[in-house]
Amino acid sequence: MTGTNKSWFDRAQAVIPGGVDSPVRSFRSVGGTPYTVVSGEGAYVVDVEGTRYLDFVQSYGASLLGHAHPEVVAVLRDAVAKGTTFGAPTPGEVLLAEAITGRVAGLEQIRLVSSGTEAVMSAVRLARGATGRDKIVKFDGCYHGHSDALLVAGGSGVAQMGLPGSAGVTAGAVGDTIVAPYNVVAPLDDTVAAVLVEPVACNMNLVAPTPGFLAGLRTECDRVGALLIFDEVITGFRLARGGAEEYFGVTPDLWCFGKVIGGGLPVGAFGGSRALLEHLAPLGPVYQAGTLSGNPLATAAGAKVLEIVGAEDYESLCERVASFATRLGEAVRSAGLYAQTPTQGPLLGLYLSREPFEAPTNFDEAKVLCENGLYRPFFHAMLERGVALAPGAYEILFVSLAHSDDDLSRTVELAVVAAKAAAAAS
Ligand SMILES: *Cc1c(COP(=O)(O)O)cnc(C)c1O
């Protein structure tokens, strides 16, 4: 590939707003020019200048096996030659739906869509249609995609851009969305259709559910007849083989998936019991559809990923991330800063501070840490040394199954240097 990161980003900015198709990629919150990726292999990506980075972005969690896994590439080659979309049922969507429902107790049916945004938006519509109620409860700092009703207090990219929500969203669209602080079980009433939660909050850096939070939501939903929706777009098939339900022992009424289940292609899914899903068209009155839903390429890649990753892979990934988290925290502290590296399964957060602190339990606490200015120099010092973290303090680190022990140890060594650089920055 010819050209530099700068020349490609200049060209991008001429024809794409801000040069990006998703705002966090723009480097706005860390400054500088984004690297433009031409290829990826395993734990690594390569930019247009030929620079190779150890990649902890991993498409924000879409990639669990690492990039361009040979078996996924092989099924895609096979699928692409047979035609890529038909507008008719295909075996691939049945196989992926069986693979997903077969791994999660109580999840009887799913409908496939093309993104996490669509999955959550559709699940909320279904919850409203099934209960005949309007109100939705979401939690401050949780991201559920960019549909109008769910953009309020959205964490992640919304927080990085310093926006409370989004222009272009009417008061009416968010009028039925109630925002509560994470880790607080707010009392509900019988106007609430559903409580929507990230079982582990992964879009305000990492905020773990405190013991009893998810179970408390379950109890409170049952008390008033509201549905509990787990947004498992990140946690699904990453936290454990059966996702958050298996990990925390709490069963929602509706599940939303995305990222991992597409094997790197655009897929989302939402599901629950057969009785609930029967409210969807063509069986019921809740309309939902998609030209590319259940796309043959995406379902082939997603099913292959789920097939490859076994229970023992989750166990070993969790163990490796636990040790990496401890060493990463020690590395930062050895450079004179304070750090918290909270984990939940293989999900890993990173907070830096000049003062001693506890891992945050809600968005207000996370925000103070994410906005203290230390992440930016730390990020750039790592990037200069070939380690690509997410370009924003509100994101988590994604360790894939392709990250080797050497990759992780090298990252820990570089983190000492990067933390020194951050400590020295004003
Ligand atoms: C990424 C994400 C979404 C949105 O998924 P897209 O595929 O980007 O539309 C929804 N919920 C959570 C928890 C996410 O992390």
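Start at 1 and go down the list; that is how both ligands and their atoms are numbered. Starting from 1, each residue takes its place in the sequence as its number.
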Test item: Arg103 side-chain N/O and Leu306 main-chain N/O as donor-acceptor pair under 3.5 Å: yes
Atom 3 (C) of ligand 1: closest protein heavy atom, distance to 0.1 Å, is Val233 CG1, 3.7 Å
Looking at Asp190 and Arg133, is there a salt bridge between them, counting it only when a charged N and a carboxylate O are closer than 4.0 Å? no
Enumerate the atoms of ligand 1 whose separation from the nearest heavy atom of Asp231 is less than 4.0 angstrom. 10 (C), 11 (N), 12 (C), 13 (C)
Considering only heavy atoms of Ser115, which atoms of ligand 1 have at least one such atom less than 4.0 Å away? 7 (O), 9 (O)
Heavy atom of Glu232, distance to ligand 1 below 4.0 Å: no
In ligand 1, which numbered atoms sit nearer than 4.0 Å to a non-hydrogen atom of Gly145? 3 (C), 4 (C), 10 (C)
Enumerated ligand 1 atoms positioned under 4.0 Å from heavy atoms of Gly116: 4 (C), 5 (O), 6 (P), 7 (O), 9 (O)
Short N/O distance, under 3.5 Å, between Tyr143 and ligand 1? yes
Check whether any N or O atom of Glu118, backbone or side chain, sits under 3.5 Å from an N or O atom of ligand 1, and answer yes or no. no
Polar contact flag for Thr117 and ligand 1 (N/O pairs, less than 3.5 Å): yes
Between side-chain atoms of residues 16-24 and protein atoms elsewhere (two or more places apart, or another chain), which donor-acceptor pairs fall under 3.5 Å?
none

Near Glu198 (heavy-atom distance under 4.0 Å), the atoms of ligand 1 are 13 (C)
Out of His146, Glu395, Lys259, who is nearest to atom 1 (C) of ligand 1 when you count heavy atoms only? Lys259
Output all residues satisfying side chain to side chain contact (heavy atoms under 4.5 Å, CB included) with Thr219, sequence neighbours left out; order by chain, then residue number. none
Against heavy atoms of Ile234, which atoms of ligand 1 measure under 4.0 Å? 15 (O)
Assert yes or no for the condition that the ring centre distance of Phe27 to Phe379 is strictly below 6.0 Å. yes
Which one holds for His144 and ligand 1: side chain close, backbone close, both close, or neither close, with close meaning a heavy atom under 4.0 Å? backbone
Compute the ring centroids of Phe324 and His403, then answer whether they are less than 6.0 Å apart. no
Step through it carefully: locate the ring centre of Phe139, locate the ring centre of Phe213, and say whether they are under 6.0 Å apart. yes
Taking Leu297 as the fixed residue, which of Val75, Val267, Leu292, Leu265 is the one that meets the side-chain contact (heavy atoms from CB on, under 4.5 Å) rule? Leu265
side-chain contact (heavy atoms from CB on, under 4.5 Å) with Leu254: of Val124, Val120, Leu277, Leu228, only one passes, and it is Leu277
